[in-house]
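Read through the structure below, which is laid out as structure tokens, and then see the notes.
All residue numbers in this chain count up from 1 along the given sequence. Side chains included, hydrogens not; waters and symmetry mates left out as well; all remaining heavy atoms used. Ligands are counted one by one from 1 in listed order, and the atoms in each one are counted from 1 as well. Fair warning: this is a prediction, and the values are worked out from it, not measured in the lab.
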Amino acid sequence: MSEALRDQFGRSIEYLRISITDRCNFRCLYCMPVEGLAWLPKTEILSYEEIASVVRQLAPLGLRRLRITGGEPTIRPAIERLIAMLRDVPQVEDIALSTNGVRLPELAQLLRDAGLDRVNISADSLRPERITAIARRNLGFDPITAAQAAEAAGIAPIKLNVVVMRGINDDEITDFARLTLNHPWHVRFIELMPVGGMRELTAEHIVPSDEVLQRASMLGALEPGGGPPRGNGPAAYYHFAGAPGSIGVITPMTHTYCGSCNRVRLTANGRLRTCLFGDHEVDLRTPLRADEPLESYFRRALAEKPKEHALLQLRIGGLQALSQVGG
Ligand code: SAM
Ligand code: SF4
């Protein structure tokens with residue numbers, strides 16, 4: 001068998017984020033302009049069979065965990081078919097989904113039955129009018145109903161991702177934190193990242209995670225730990241004594257976590273992107289459609305994975321929105 005995939009800094013790559021569409025039924029303030037983006041033509045998007053082929057070829061090289069994302073992955077038809085195909089790859093230990101949660105009440109059981117393990121739900125407010133204002137769409141989304149549907153279907157752990165924006169939703173930090181006292185949910189506060197496509201938001205809207213933790217601790221003392229099992233991503237977790245859930249902070253702006261980065265991304269049009277920021281991409285679609293083995297392309301991509309991202313220096317390359325690369 002081939003040697004495991006390692007990048008030039010010795011980091012092994014066992015986690016792949018797969019974007020299955022660049023489209024979305026929301027237009028979140030921090031992610032997309034209200035008129036949408038220039039969507040990829042359907043012919044450029046990898047089919048489910050092509051995505052499964054990439055995963056089957058990466059799995060013997062060490063890939064173990066997958067996350068399906070977008071755009072909004074649940075608007076692509078029959079996503080459960082993809083989940084079932086990925087579940088059939090023997091080395092794959094864990095399949096997660098990142099979603100805005102709008103379709104979870106109707107889909108959760110179907111996704112679980114197809115083999116979905118865990119879910120991250122984006123939830124920037126618990127107030128209906130505010131959800132509509134941030135998402136710039138009224139689709140009747142209720143984060144609590146979505147999380148409860150996932151829980152009832154047996155999906156675990158459940159994480160709620162809150163992008164904190166000063167003056168927009170930062171007054172709900174304690175409301176979100178309070179959820180962890182009564183539910184086994186992991187509420188993660190994400191620092192707003194200044195990507196190119198957001199017009200209404202500036203660096204002034206960033207709330208540093210240290211401040212978020214300080215404000216959440218108005219409810220009680222926060223102790224380190226209590227995060228989800230295998231929560232070895234970029235979040236640092238805390239919990240209130242005795243609480244079933246936890247609070248996480250993700251700090252792309254104030255602390256970097258590049259040194260432990262174990263992830264690569266597959267874009268909807270079949271590019272392997274080795275860092276969220278920066279222009280390190282290798283086209284896999286062309287060799288895939290020519291029936292060429294992908295291993296040498298993976299190795300080339302990994303050899304170029306940068307040591308750390310350039311966001312702190314605000315050199316964001318051509319990235320217009322996280323929806324284009326799967327967040
Ligand atoms: N549509 C799905 C969702 O919203 O969860 C999956 C894709 S979305 C691009 C993935 C994640 O990126 C979401 O948790 C979203 O909150 C986050 N995100 C998008 N733009 C961001 C920004 N400018 N700053 C911080 N987080 C951002
Ligand atoms: Fe859509 Fe997710 Fe971007 Fe919001 S964050 S616009 S739900 S892709």
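At under 3.5 Å, a nitrogen or oxygen of Glu72, whether backbone or side chain, sits near a nitrogen or oxygen of ligand 1. Taking only nitrogen or oxygen atoms, main chain and side chain alike, Met193 reaches within less than 3.5 Å of ligand 1.
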One pair to check against side chain to side chain donor-acceptor pair (under 3.5 Å): Thr99 and Glu72. What are the steps and the verdict? CA-CA 6 Å; Thr99 173; Glu72 176 46 42; 2.7 Å; yes
Yes or no on side chain to side chain donor-acceptor pair (under 3.5 Å) for Arg265 and Ser19, after CA distance, side-chain angles and deciding distance? CA-CA 8 Å; Arg265 295 174 161 77; Ser19 173; over 6 Å; no
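With a 4.0 Å heavy-atom cut-off, ligand 2 is reached by the side chain of Cys24 but not by its N, CA, C or O. Using a 4.0 Å cut-off between heavy atoms, Thr99 contacts ligand 1 through its backbone alone, with no side-chain atom that close.
The ligand atoms of ligand 1 that sit less than 4.0 angstrom from a heavy atom of Glu191 are 25 (C). The contact set between ligand 1 and Asn161, taken as ligand atoms under 4.0 Å from a residue heavy atom, comprises 14 (O). Proximity to Thr69 (heavy-atom distance under 4.0 Å) selects the following atoms of ligand 1: 6 (C), 7 (C). Interface of Gly71 with ligand 2, defined as ligand atoms under 4.0 Å from a residue heavy atom, comprises 8 (S). In summary, the atoms of ligand 1 found under 4.0 Å from a heavy atom of Val163, numbered by their order in the structure, are 16 (O), 26 (N).
Under a 4.0 Å N-O distance rule, the pair Glu204/Arg166 does not qualify as a salt bridge. A salt bridge links Arg81 and Glu49; the closest N-O separation between the charged side-chain nitrogens and carboxylate oxygens is under 4.0 Å. Between Asp283 and Arg300, none of the side-chain N atoms (NZ, or NE/NH1/NH2) sits under 4.0 Å from a carboxylate O, so this pair counts as no salt bridge.
Looking only at side-chain heavy atoms (C-beta outward), Leu272 and Tyr297 stay at 4.5 Å or farther from each other.
Distances shorter than 4.0 angstrom do not occur between any heavy atom of Cys24 and any atom of ligand 1.
Between the side chains of Asp113 and Gln109, at least one donor N or O lies within less than 3.5 Å of an accepting N or O.
Metal site remark for atom 4 (Fe) of ligand 2: Cys31 contributes no N, O or S atom at a distance under 2.8 Å.
When the heavy atoms of Gly71, Ala135, Ser122 are ranked by distance to atom 6 (C) of ligand 1, first place goes to Gly71.
Exactly one of Ile173, Ile190, Ile247 qualifies for a side chain to side chain contact (heavy atoms under 4.5 Å, CB included) with Val212. That residue is Ile173.
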